[in-house]
Amino acid sequence: MDYNFKEIEKKWQLFWSENSDLKTDYDDFENKKYCLTMFSYPSGDKLHIGHWYNYGPSDTLARYLKMKGFNVFQPQGFDAFGLPAENYAIKHGVHPHKSTHSNISTMKKQLESIGALYNWDKEVITSDKEYYRWTQWLFLKLYENNLAYRKEAMVNWDPVDQTVLANEQVLADGTSDRSGALVVQKPLVQWFFKITDYAEELLGYEGLSWPKKTIAMQKNWIGKSKGARVTFNVCDSDFKIDIFTTRPDTLFGATYLVVAPEHNLILDLNLINNKEIKAYCDQAANKSELQRSDLDKSKTGVFSGIYAAHPLTGKQIPIWIADYVMMNYGTGAIMAVPGHDQRDYEFAEKYDINIIKVVDDGNDVSIEDQAFTDYGTCINSDFLNNLKTKDAIDKMTVYLENEKIGESSITYRLKDWLISRQRYWGTPIPIVYDPDGNPHPIPDEYLPWTLPDDVEYKPKGTSPLGSSKELLERTEKIFGKGWKPEIDTMDTFVCSSWYYLRYPDSANSSEPFSYESTKWLPVDYYIGGAEHATMHLLYARFITKALNTLKIIDFNEPFTSLYHQGTITKDGAKMSKSKGNTVSPDIFLDQYGSDTFRCYLMFMGPYDEGGDWNDKGIKGISKFLSRAYRLCQQTVDYKETSDDLFVVHSTIQAVTNNLDEMKFNTALSRLMEFVNYFYAKGITASTKMIFIQLLSPLAPHISEELWSYENNTSVFISSWPICDSKYLEKDTIKIMVQVNGKLRASIEVDKSINKDKLVQIAKENQNVSKFILNKEIIREIYVPNKIINIVIKE
RNA sequence: GCCGCGAUGGUGGAAUUGGUAGACACGCUGGUCUUAGGAACCAGUGCUUAUGGCGUGGGGGUUCGACUCCCUCUCGCGGCACCA
């Protein structure tokens with residue numbers, strides 16, 4: 001290494017933080033680019049490779065945009081509420097506020113080593129009362145508008161972290177996203193945000209540049225399905241059962257109904273008095289969600305003893321209770337059509353229930369061994385006979401509506417967002433209860449409704465806030481004797497659901513953000529991990545849409561362009577402290593410096609793919625930067641040839657395109673080729689300036705140093721080089737010659753040449769002529785400027 | 001089961017979107033210089049039975065021409081799932 005990177009890095013990091021030329025003009029929205037990287041949790045550990053992989057390349061993008069002439073805003077902050085600080089408090093007795101802030105200052109120091117251009121003057125720390133006061137404002141806005149409500153529900157309980165979790169925070173295997181504990185179901189009164197009101201809107205992605213994968217995941221999660229609701233009357237009673245089906249065309253094939261074991265009919269009709277039914281329901285209740293949804297187990301159920309009237313035929317059909325029907329989807333009851341639904345088929349076979357065929361594929365399809373679930377043509381279906389499934393669905397739906405026995409209906413899988421948490425270190429829910437237990441919002445003048453300090457952190461299954469004398473006294477003092485505070489805190493995802501709105505106006509103490517400051521939004525580039533697809537990113541979209549409905553903001557999507565950086569793994573596994581496979585950047589920073597380390601991460605491969613960590617190639621980057629440094633130590637004065645200028649301008653073009661597409665790896669390759677080309681012959685003064693500019697977003701420190709040798713201002717306020725296409729045109733072109741699609745020669749010709757002449761030259765080429773000698777030529781294909789293919793008969 | 005993504009030298013990866021497969025880099029081999037090199041520089045490096053043949057997970061197809069498009073299979077990753 002022949003440049004002193006340690007000295008250079010320190011020098012320019014200080015320069016960037018102090019130089020006013022580089023500051024964002026907060027009043028200029030016209031030309032704005034809001035570049036945001038998902039903020040992180042201040043853990044107190046050192047920055048790891050994941051942080052670097054997130055922050056380094058996104059800073060490269062921001063610096064590039066700045067040089068393109070945009071007014072770039074790249075804020076940074078901390079998602080500071082959450083369990084680790086609280087667990088630390090339980091273990092060591094240190095107040096979370098104290099440990100959090102000490103972690104933040106360590107982390108900020110470390111972030112400096114990346115050398116990113118952050119707008120620290122707009123920093124946001126979600127656990128500070130200046131911030132959470134407005135998270136409480138958000139809650140109250142939603143509450144006032146019926147988008148926040150309290151209800152008792154079966155909720156996900158994490159027995160390790162001793163708190164409830166939102167559906168989004170429970171993994172597919174039934175474990176907690178955070179603690180890894182097996183989540184259990186528990187009935188509790190909790191606060192919810194009504195995200196389901198926005199289910200349909202959330203399915204619209206017009207104008208968004210988002211990864212297809214993420215959109216697919218959200219669509220999957222929202223889980224829209226179209227169908228119909230049908231009402232069945234229970235025989236010999238006034239009760240009715242609503243069912244949801246996506247196949248109303250098969251209604252004539254419904255031979256029984258199934259209700260979930262939790263269905264209210266069971267209590268309403270006193271079916272629970274039947275021993276067998278009670279035993280079945282109890283057993284279902286004791287099963288975990290995971291056991292319940294185990295696809296391999298055979299279906300079980302119990303006959304309810306009662307019947308329903310088929311709404312079209314009037315025939316009595318039995319009502320069964322079975323746990324293959326879930327209470328939390330649709331209406332918790334189905335019409336079973338064993339001929340055309342595989343689950344119903346298996347159940348009907350097992351319990352010997354009638355199976356009717358009402359759909360055929362035109363070839364008299366068999367339903368002897370399994371259900372026929374495809375679309376086809378209606379049979380045995382009265383007025384639907386001979387109709388195609390699609391038409392039959394429409395006709396049946398209209399019929400149901402006319403007869404008032406059903407209606408067209410849409411069901412979403414998405415559930416309302418459970419935001420209560422039985423933990424200490426979070427935003428207090430700004431609600432108090434009167435002596436009768438009715439909730440009341442805390443008036444604005446008492447906000448922030450602060451977290452009390454006199455608590456027992458250790459969770460006992462109820463919220464730590466319940467142990468605070470101060471909180472209770474405060475409540476009674478303000479509201480009166482017998483009034484009680486809400487003691488749950490909010491999910492930290494509430495904090496992060498609106499932080500991007502706060503950044504441009506983070507010091508505002510009279511409102512969450514001024515209307516003027518929202519002109520910085522939406523975020524132009526949002527970069528962060530794909531694991532947030534159905535959590536943070538969905539919540540943020542919901543909050544933005546809700547605030548838009550409330551006319552607080554005038555846009556309805558928070559992030560115009562979204563990009564997920566890939567994951568850096570170690571030996572194929574995700575790096576984590578618990579696995580002990582984390583790699584610290586420290587030794588690499590010490591040995592090679594920040595520029596080299598950040599470039600190496602970018603050079604590893606496509607940014608959205610991440611990759612498995614190994615340090616073998618870092619030397620290559622270090623070598624490249626040293627060569628670049630050496631190349632720029634002198635200038636050589638010579639008249640550049642057309643080849644030289646071709647290299648310069650094609651490099652400008654390629655690097656520009658690559659950075660536009662965040663293909664940092666190929667941008668670096670092009671710059672390496674550039675250095676390799678000029679290394680031996682030396683570089684002219686003007687070309688050197690262009691090269692330094694192209695390199696600067698990727699390796700900012702060394703570039704700023706090299707730039708400073710000849711300039712008085714920062715390279716980052718210089719304008720990005722422009723490719724002059726006149727240098728990209730060459731007088732001669734290289735044409736590849738194929739015979740029957742196989743490459744045989746390459747010829748260099750004048751670019752004005754016509755096809756006939758070119759083909760003639762090609763045929764005369766020694767390596768071509770021997771393959772076409774004495775052969776019949778069938779075709780001669782010429783793709784201008786690229787290739788000739790001579791097709792011969794073999 | 002359904003949906004989405006992926007598979008290219010010894011390694012990480014590139015390929016103007018149907019037109020030179022393997023750019024760039026690591027590693028390796030040989031050389032120059034050097035007291036020395038784990039520094040710098042130069043050359044070589046897909047495989048091979050080598051004027052040729054074969055090569056982008058396997059098989060088939062479309063095309064003058066396929067890593068690229070179509071069909072099919074295998075493996076890996078991610079999401080959803082008794083979702084009615």
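Just so we're on the same page: letters track the sequence lines, and every chain starts at 1.
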State which of B:rG53, B:rA23, B:rA84 makes the closest approach to the side chain of A:Ser669. B:rA23
Taking all heavy atoms of A:Ile618 and all of A:Phe597, pick out the closest pair and write down the distance. CD1-CD1, 4.1 Å
Partner lookup for B:rA84, please. Criteria are Watson-Crick or G-U wobble with both distances under 3.5 angstrom; report none if nothing qualifies. none
Take atom CG of A:Leu743 and atom C1' of B:rU51, then tell me their distance rounded to the nearest Å. 15 Å
Using a 4.0 Å heavy-atom cut-off, does A:Arg744 contact any base of the nucleic acid, only the sugar-phosphate backbone, or nothing at all? sugar-phosphate
Between the base of B:rC80 and the side chain of A:Asn220, is there any donor-acceptor pair under 3.5 Å? no
Do the non-hydrogen side-chain atoms of A:Leu601 and A:Phe664 ever get within less than 4.5 Å of each other? no
Proximal nucleotide (of B:rU20, B:rC82, B:rA15) relative to the A:Met736 side chain: B:rU20
Nucleotide of B:rC82, B:rG13, B:rC24 approaching A:Phe603 most closely (side-chain heavy atoms): B:rC24
For nucleotides B:rU49 and B:rG53, find the distance between their C1' atoms and express it as a whole number of Å. 9 Å
From the list A:Phe303, A:Trp320, A:Tyr345, A:Tyr256, ring-ring contact (aromatic ring centres under 6.0 Å, His included) with A:Tyr351 holds only for A:Trp320
Look at A:Thr411 and B:rC83 and indicate whether a side-chain polar atom (N or O) is within less than 4.0 Å of OP1 or OP2. no
Residue pair A:Trp417 / A:Phe493, side-chain heavy-atom distance below 4.5 Å: yes
N-O pairing of A:Asp249 and A:Lys390 below 4.0 Å: no
Considering every strand shown, what is the Watson-Crick or G-U wobble mate of B:rU45 when both distances are under 3.5 Å? B:rG27
Please measure how far the P atom in B:rC26 lies from the corresponding atom in B:rU45, and state the result in whole Å. 16 Å
Is any side-chain nitrogen or oxygen of A:Asn676 closer than 4.0 Å to OP1 or OP2 of B:rA25? yes
With respect to the phosphate group of B:rA14, does any side-chain polar atom (N or O) of A:Asn665 fall under 4.0 Å of OP1 or OP2? yes
Output the single nucleotide from B:rA25, B:rA84, B:rG19 whose closest atom is nearest the side chain of A:Gln738. B:rG19
Counting the atoms with a prime plus P, OP1 and OP2 as sugar-phosphate, which does A:Lys663 contact under 4.0 Å by heavy atoms, base, sugar-phosphate, or nothing? sugar-phosphate
Of the nucleotides B:rA15, B:rC26, B:rC24, which one has an atom closest to the side chain of A:Thr666? B:rA15
Pair assignment for B:rA15, Watson-Crick or G-U wobble, requiring both distances under 3.5 Å: none
Quick one: does A:His340's side chain have a donor or acceptor within less than 3.5 Å of a partner on A:Phe372's backbone? yes
Step through the shown structure and confirm whether more than 12 heavy atoms of other residues, nucleotides or ligands are within 6.0 Å of NZ on A:Lys350. yes
To the nearest angstrom, the CE-C1' distance between A:Met604 and B:rC24 comes to 15 Å
Nearest-angstrom distance, C1' atom, B:rC75 to B:rG59: 15 Å
Under 4.0 Å: is that the gap between some side-chain N or O of A:Lys623 and OP1 or OP2 of B:rA39? no
A:Leu538 CG to B:rG79 P, straight-line distance once rounded to whole Å: 16 Å
Taking the nucleotide of RNA chain B with the closest heavy atom to each, which residue, A:Gly610 or A:Val791, is nearer the 5' end? A:Gly610
Round to a whole Å and report the spacing from CD1 of A:Ile747 to C1' of B:rU20. 13 Å
Answer yes or no: does a side-chain N or O of A:Arg779 lie under 4.0 Å from OP1 or OP2 of B:rC64? yes
Tell me whether A:Lys213 at atom NZ has more than 12 heavy atoms from other residues, nucleotides or ligands lying less than 6.0 Å away. no
Take atom CZ of A:Arg343 and atom P of B:rG1, then tell me their distance rounded to the nearest Å. 15 Å
Tell me the partner of B:rC5, counting only Watson-Crick (N1-N3 plus N6-O4 or O6-N4) or G-U wobble (N1-O2 and O6-N3) with both under 3.5 Å; none if nothing fits. B:rG76
Looking at B:rA40, I'd like to know if its phosphate oxygens (OP1 or OP2) sit under 4.0 Å from a side-chain N or O belonging to A:Arg627. no
For the C1' atoms, the ones on B:rC70 and on B:rG18, what distance do you get once it is rounded to whole angstrom? 13 Å
Distance, P atom - from B:rC3 to B:rU48, rounded to whole angstrom: 42 Å
Return the nearest nucleotide to the side chain of A:Arg630; candidates are B:rC41, B:rC83, B:rA84. B:rC41
Anti versus syn assignment for B:rG76, with syn defined as within 90° of 0: anti
P spacing across the pair B:rA7 / B:rA15, given as an integer number of angstrom: 12 Å
Base orientation of B:rU8, chi within 90° of 0 counted as syn, else anti, reads anti
Counting just side-chain N and O atoms, does A:Lys212 come under 4.0 Å of either OP1 or OP2 of B:rC5? yes
Output yes when at least one side-chain N/O atom of A:Tyr679 is less than 4.0 Å from OP1 or OP2 of B:rC41, else no. yes
Pairwise C1' distance for B:rU11 and B:rC73, with rounding to whole Å: 28 Å
A:Thr255 side chain reached by A:Ile355 side chain, heavy atoms, under 4.5 Å: no
Would you say a side-chain N or O of A:Lys742 is under 4.0 Å from OP1 or OP2 of B:rA66? no
Provide the Watson-Crick or G-U wobble partner of B:rG65, both distances under 3.5 Å; none if there is no partner. none
In whole Å, what is the span from the CG atom of A:Asp374 to the P atom of B:rC2? 11 Å
Distance check, P atoms only: B:rG38 and B:rU32, in whole angstrom units. 15 Å
Does A:Lys299 make a side-chain donor-acceptor contact with the base of B:rC82, cut-off 3.5 Å? yes
Both A:Lys770 and A:Ala216 contact RNA chain B. Taking the nearest nucleotide for each, which residue is further toward the 5' end? A:Ala216
CD1 of A:Ile778 versus P of B:rC64: gap in Å, rounded? 10 Å
Are A:Arg413 and B:rA84 close enough that a side-chain N or O sits under 4.0 Å from OP1 or OP2? no
Can you measure A:Ile321 atom CD1 to B:rC82 atom P for me and round it to whole angstrom units? 20 Å
Nucleotide opposite B:rA36 in a Watson-Crick or G-U pair, distances under 3.5 Å: none
Nearest to the A:Met217 side chain among B:rA84, B:rG79, B:rG19, which nucleotide is it? B:rG79
